[in-house]
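A quick write-up on the structure given underneath.
Heads up: numbering here begins at 1 and tracks the sequence. What you see is a predicted model, and the numbers here were worked out from it, not measured in a lab.
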Amino acid sequence: MSEFKNRREFLRAATLTGAGLALSNRLLAAPNKSVLVFTKSSGFEHAVVKRVDGKPCIMDDVVTELGNKHGFKVEVTKDGRIFDEKRIHSFGAVVFFTTGDLTTLGTDGKPPMSPKGKEALLDAVRGGMGFIGVHAASDTFHTPPDPEDRSNRYVAHGDQQDPYLRMVGAEFITHGREPRLQDANLIVNDAKFPGLEGVTSPVSFNEEWYSMKDFMPDLHVILTLDTQGLKGECYQRAPYPVTWARMHGKGRVFYTAMGDRPENWKNEFFLNSLAGGIRWSIGDASAQLDANLKQAAPGYAEIPPKFPEKK
């Protein structure tokens, strides 16, 4: 009888322990729903991140509203010194809409990120913090040198690309000039990715379209730009990715090339896809992340011709 009782107690204890471990694992896996929006402009300062009369910029307000809608907290800053603070690790993800070398004072005059702060960012993402890059996040930390004629941007650097850009997944070369904004078709490569449920391909969208290079081979391409009919030398190339997701170590990285036009920060398609990317990056939504770069954009490695020099 005592043997039976002991066995019963053992099984009961094992069941409770297992339940406790399962609960513990669920708690450990719970998403960190705290997001930092970083909008320092060391290069060109876009209208959507420019603060006027001390008021929040368009992006600050919109991402805050998305947080209220989807249940994640939002903090906003242009101060690069935050990456030297230990509390950078308290965020579930960071959202970048930035330009230029962020370790310099640059255009907006806001405190720069230190070189150690840049390393802290990369380490945090490798360690599991999410990263969301919007539009000009790929126009940040260009692989040096970056002369005024932008010639080095037309070179494929591969493994020699700046480590920040390798984390993002690609580097901005240039965009169209005349016209700067154009309607284009977006091919939906993953209609099941968070925020794109129910979207049918193609999607017509008006934007300042970035032409990019040095795509990381492990990209999970979500949207591809159909270059047919676009005007400008920078689009004389095969279709290429403009929205994707990838893993950087343990960190979930999402990037979208959209977001230049202030009007698009009211567009349902763009906002749903951005919210989906944020939710996935903080672990609040799931997605299948197969590497599909070669299937989605076979000509992704093409580098377009340069614009003719102005006479």
Please check if atom [atom1] in [X] has more than 12 non-hydrogen atoms from other residues, nucleotides or ligands closer than 6.0 Å.
X    : atom1 : answer
K110 : NZ    : no
R81  : CZ    : no
Q295 : CD    : yes
E268 : CD    : no

Between T103 and D101, a side-chain donor and acceptor under 3.5 Å: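 Yes, side-chain donor-acceptor contact under 3.5 Å.
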
Please say which of L36, V37, V35 ends up in a side-chain contact (heavy atoms from CB on, under 4.5 Å) with V94.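 Single pass found, and it is L36.
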
Classify the ring geometry between Y164 and F131 as parallel (under 30°), tilted (30 to 60°) or perpendicular (over 60°).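 Perpendicular: the ring planes of Y164 and F131 meet at over 60°.
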
Is the ring pair F97/H135 parallel, tilted or perpendicular, if the boundaries are 30 and 60 degrees?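 Tilted.
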
Ring centers of [X], [Y] separated by less than 6.0 Å:
X    : Y    : answer
F83  : F96  : yes
W209 : Y235 : no
W244 : F254 : no

Residues pairing under side-chain hydrogen bond (donor to acceptor under 3.5 Å, both in side chains) where one sits in residues 45-55, two or more places apart or in two chains, turn out to be R51-D60

